[in-house]
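Encoded as structure tokens, the structure appears first; notes follow it.
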Amino acid sequence: MDIIESDRLKSLPPYLFAEIDKIISKKRQEGIDVISLGIGDPDIPTPDVIVKELYKGALVHENHRYPSSYGMPEFNAAVVDFYRSRFKVDLQSKGVIPLWGSKEGIANIAYTFINPGDYSLVPDPSYLVYKIGTMFAGGKAFEVPLKEDNDFMMDLDSIDKNISKKAKLLYLNYPHNPTSANASLDFFEQVVEFAQKYNIIVCHDNAYSDIYSGSGEKPVSFLNAEGAIEVGVEFNSLSKTFNMTGWRIAFAVGNTEIIKSLGKYKTNVDSGVFNAIQVAAIKALNNYEELVLDNNQIYDRRRNSVKQMLDKIGISYYDSDYTIYVWSKVPPGFTSQSFAKMLLDKADVVVTPGSAFGNSGEGYFRISLTISDDRLEEAIKRIKGVV
Ligand SMILES: *Cc1c(COP(=O)(O)O)cnc(C)c1O
């Protein structure tokens, strides 16, 4: 029998970093101590109070049955409270839906709204799911370059009007992976105006809403912008905020019609998030202030230490106090990929080449702050030794 993949899978962009991956596993097999700064996954464990709540929730028999795709009322209420307390945003109870991680929602919203041939506008560089979700749904992703001299904000005026007219979705993500740039309310208000003008649904990914420097300004929600609720939704996730990447719990909030349509799609491909996980997530959301504080102290310390060390080496970076990444410039004479390969060859350190996130990531590399302070310092010292 011939096993033939769908055109959808065949259309995936080629994976450029197979060679780097091969070298990593070969080195590790040889017993070489490779330090990875490439991991976008917190090393800090989920707080015990949340884990204990999962255990309690798992013992409740009613929680063993199919959950509702639209969420437990108690979970949705906790999200409403969280948005009111954290962002001063008043959500309607029907404007909330839990997700199996925001990755799922980001991909499924494309299936919910994209017809073959429709465009979505996606940032370049970015998390790849915006583009691939669109392609899987039969649409075309139009990549809009984010430039450092514009603080990596999407320049909406630069987009060809004929493309904007054909666009159905606009994906945004601030604070931004990989650049760590944060957006102002003012920017989001321009986004609302643009979306209204071209009738585009805005999908804002706020996965890093609560990773910020303790002393700095907190990121806003897209829904803080006037009129945002009429044009879009925001994805938010417990993954980074509470170190829960493995739990698969996130949510979408905002426009009730958009949420309802996403739910309609989801009821046909999944059956909701395990109720005991929703119960644990309620505990996290109800105690966010305290839990986020602990986390941000750790990232602050690591971020500051990496910045100081990069300053000493003479590697420049985008100066920001957000996300778990430091977006750094590749030294002259290298591409993103050749620099990453050189670091691996000579220093046994893994970084993510900027070009992994799109063409406009060329010339940069991404350092993740997701390893212990001493390993992080050791890695930067090794980099210093070879540049
Ligand atoms: C980590 C991350 C997410 C979170 O994904 P989950 O599926 O909720 O774990 C979403 N968007 C971006 C840009 C991320 O980096």
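One-based numbering along the sequence shown. Not measured: the values here are computed from a predicted model. Just follow the structure's listing: the first ligand is 1, and inside any ligand the first atom is 1.
- Atom NZ of K131 has 12 or fewer neighbouring heavy atoms from other residues, nucleotides or ligands inside a 6.0 Å radius.
- Residue W100 places no heavy atom under 4.0 Å from ligand 1.
- Closest protein heavy atom to atom 9 (O) of ligand 1: S239 OG, 2.6 Å.
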Chi angles and distances behind the ring-ring contact (aromatic ring centres under 6.0 Å, His included) call for H176, Y322: CA-CA 8 Å; H176 181 235; Y322 302 96; over 10 Å; no
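- Closest to atom 2 (C) of ligand 1 among all protein heavy atoms lies K240 NZ, 2.5 Å.
- Side chains of F222 and V192 form a contact here, defined as non-hydrogen atoms less than 4.5 Å apart.
- Taking the six-membered ring wherever Trp is involved, the centroid distance between the rings of Y325 and Y208 falls below 6.0 Å.
- Taking the six-membered ring where tryptophan is involved, the planes of H204 and Y174 are essentially parallel, since the angle between them stays under 30° and well short of 60°.
- Scanning the protein for heavy atoms near atom 11 (N) of ligand 1, the closest one is D205 OD2, 2.6 Å.
- Taking atom 7 (O) of ligand 1 as the reference point, the nearest protein heavy-atom neighbour is R248 NH2, 2.6 Å.
- Taking the six-membered ring for Trp, Y111 and F136 have ring centres at least 6.0 Å apart.
- Pairing each heavy atom of G105 with each of L262, the nearest pair is O-CD1, 4.3 Å.
- Between K103 and ligand 1, an N or O atom pair is found at a separation short of 3.5 Å.
- Put simply, part of Y130 is less than 4.0 Å from ligand 1, judged by heavy atoms.
- Using a 4.0 Å cut-off to heavy atoms of S237, the atoms of ligand 1 that qualify are 6 (P), 8 (O).
- Protein heavy atom at the shortest distance from atom 5 (O) of ligand 1 is S102 OG, 3.3 Å.
- Residue contacts with ligand 1 for Y208 involve side-chain atoms from C-beta outward but no N, CA, C or O (heavy atoms, distance under 4.0 Å).
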